[in-house]
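Have a look at the structure below before the remarks.
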2 protein chains.
Amino acid sequence: MPDPKMNFELDFHSGLPIYTQIVNQISGRVANGILEPGDQLPTVRALALELRVNFNTVARAYRILDEARIISTQQGRGTFIMDKPPPNVTEKLRRESLEGLTRRFIAEALRLGFTQTEVRQMVSEQIKVWKETTEVEE
Amino acid sequence: MPDPKMNFELDFHSGLPIYTQIVNQISGRVANGILEPGDQLPTVRALALELRVNFNTVARAYRILDEARIISTQQGRGTFIMDKPPPNVTEKLRRESLEGLTRRFIAEALRLGFTQTEVRQMVSEQIKVWKETTEVEE
DNA sequence: CGTCAAATTGTAATAATTGTATCATTGTCA
DNA sequence: TGACAATGATACAATTATTACAATTTGACG
C-alpha cells in the first residue's frame with residue numbers, strides 16, 4: 001500500500017524536471033507539517049516504483065533535500081525528515097541554544113581528556129575546513 | 001544502565017559509516033586513557049541496542065579494533081581493552097577522535113543556522129568560563 | 001567438589017534492503 | 001548539429017535481518 005503521506009502528483013508535461021517536482025512536494029509537506037522530524041520517507045526504489053520513474057531520479061531529489069538539510073539519507077537505513085532548524089526566535093533564545101550546544105561540546109571534549117588548547121585549535125581548524133568546502137558563507 | 005564510559009554519539013548524517021564512528025570513538029577513549037587495559041566493553045548486542053543499530057555493525061567495529069590490537073575479543077567471554085598502543089599511534093587516535101567530536105559539533109551548530117563567527121565566539125567564551133570555574137588547567 | 005544444562009558471548013554466513021557512484025542514453029533547444 | 005540537462009542502467013557499499021554455531025560462564029544439583 002502506498003504511503004498516504006506520499007501520494008504525489010507528478011506532471012510529466014509541466015516542463016519542470018521530475019526531481020524538482022519531488023523536491024518541491026516533499027519540502028512542501030515538511031513545511032505544512034504533514035511530514036514531521038523523524039518520519040521515514042519511502043525508499044528511493046519504492047517511491048520510484050510508485051511514481052513510475054527511475055530510482056536515480058528519486059535519489060537525485062533526495063540528495064538535493066539532503067544537502068538542504070531537510071532530510072537525512074542514510075545508506076543501508078533509509079531517509080528521514082530532519083529536525084527543523086530553530087524557528088525565528090528571539091536573539092536571547094538563539095544565543096542560549098548555541099551556548100548549551102557549545103557547553104556540551106566543551107564538557108565532552110574536556111571529559112575525554114583533551115586540553116583547552118587542543119579544543120580551541122581543532123575548532124579553528126574545522127571551521128576553516130568547513131568554510132573551504134562550502135564556498136560562500138555568512 | 002548504560003556504561004558511562006560508553007555514551008557514544010553517532011551521527012547518521014555525517015556520511016561516515018557507523019562502524020567507522022564506533023571504531024574512532026573507542027580508539028579515542030583508549031588513547032585518552034578513559035578506557036584502560038583490561039576494561040570490558042559492552043557486548044556487541046548490548047552496544048547495538050544502545051546505539052539502535054544491528055549487532056553485526058558493532059561486531060564489524062570490534063573486529064577492526066581487534067585486528068588493530070586495540071581490543072581483544074574473546075568468544076564466550078567478551079571484549080576487553082588491550083595494552084595502550086605506542087605514543088605515536090595514540091597521538092593519531094587522539095587527534096582523530098577530537099576531530100570527529102568537533103566536526104559533529106560544528107556541523108550541528110551550522111545546521112541550526114548559526115554563523116561561523118557566532119560559533120567561534122561562543123567556543124572562546126565557554127572555554128574561558130570553564131577555565132575560570134576549574135582553576136588550573138593544562 | 002564434579003557435572004551438566006542453560007545462558008551469555010563472539011563468529012560466521014547469507015540474503016535482502018537501502019543509498020551511492022559512475023557512466024550511458026535520451027531529449028530539448030539554441 | 002552540438003551542448004547540456006534529465007533520465008536510465010549498472011555496479012557497488014553500508015546496513016539490516018536471520019540463523020546457526022562455538023567457546024565460555026553461570027548456576028543448579030547430586
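Residue numbering restarts at 1 for every chain, and letters A, B, ... go by the order of the sequence lines. Quick note: numbers below take in every heavy atom, side chains included, and nothing from hydrogens, waters or symmetry partners.
Every residue two or more places apart in sequence or in another chain was checked for a salt bridge (Lys or Arg N to Asp or Glu O under 4.0 Å) with B:R45, and none qualifies. Considering only residues two or more places apart in sequence or on other chains, A:M82 meets the side chain to side chain contact (heavy atoms under 4.5 Å, CB included) condition with A:S72, B:H13, B:R111. Legend: residues meeting side chain to side chain contact (heavy atoms under 4.5 Å, CB included) with A:A48, ordered by chain and number and at least two apart, are A:V53, A:F55, A:V58.
When the shell of 6.0 Å around CD of A:E96 is examined, it contains more than 12 heavy atoms from other residues, nucleotides or ligands. The environment of CD in B:E67 is crowded: more than 12 heavy-atom neighbours from other residues, nucleotides or ligands sit within 6.0 Å.
A:R45 has its CZ atom 11 Å from the C1' atom of D:dA11, to the nearest Å. Remark: C1' of D:dA13 and CG of B:L16 are 14 Å apart, rounded to the nearest angstrom. We find that CG of B:L10 is positioned 16 Å from P of D:dA14, with the value rounded to whole Å. In this structure, the CD atom of A:Q40 is 15 Å from the P atom of D:dT15, given to the nearest Å. Spacing between atom CG of B:D11 and atom P of D:dT15 amounts to 12 Å, rounded to whole angstrom units. If you measure from atom CZ of A:R52 to atom P of D:dG8, you get 13 Å, rounded to the nearest angstrom.
At a threshold of 4.5 Å between non-hydrogen side-chain atoms, the residues A:L51 and A:F8 count as touching. By the 4.5 Å heavy-atom criterion applied to side chains, B:S27 and B:I70 are counted as neighbours.
Of all the residues in residues 68-75 of chain B, B:T73, B:Q74, B:Q75 reach under 4.0 Å from DNA chain C with at least one non-hydrogen atom. For the segment residues 55-66 of chain A, residues with any heavy atom less than 4.0 angstrom from an atom of DNA chain C are, sorted by number, A:F55, A:N56.
In the 5' to 3' direction, nucleotides of DNA chain C lying under 4.0 Å from heavy atoms of chain A begin and end at C:dT18 to C:dA21.
Linking ILVMFWY residues whenever their side-chain heavy atoms come closer than 4.5 Å, directly or via other members, places A:I64 and A:I81 in the same cluster.
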| Stepwise, does the side-chain hydrogen bond (donor to acceptor under 3.5 Å, both in side chains) test hold for B:Q40 with B:T79? | CA-CA 6 Å; B:Q40 180 163 15; B:T79 74; over 6 Å; no
| query | For B:K128 and B:E125, what are the C-alpha separation, side-chain angles and deciding distance, and is it a salt bridge (Lys or Arg N to Asp or Glu O under 4.0 Å)? | reply | CA-CA 5 Å; B:K128 192 184 303 176; B:E125 181 180 318; over 6 Å; no
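For the pair B:Q126 (side chain) and A:E99 (backbone), a donor-acceptor distance under 3.5 Å is absent.
One finds no side-chain N or O of B:Y19 lying less than 4.0 angstrom from the OP1 or OP2 phosphate oxygen of D:dT15.
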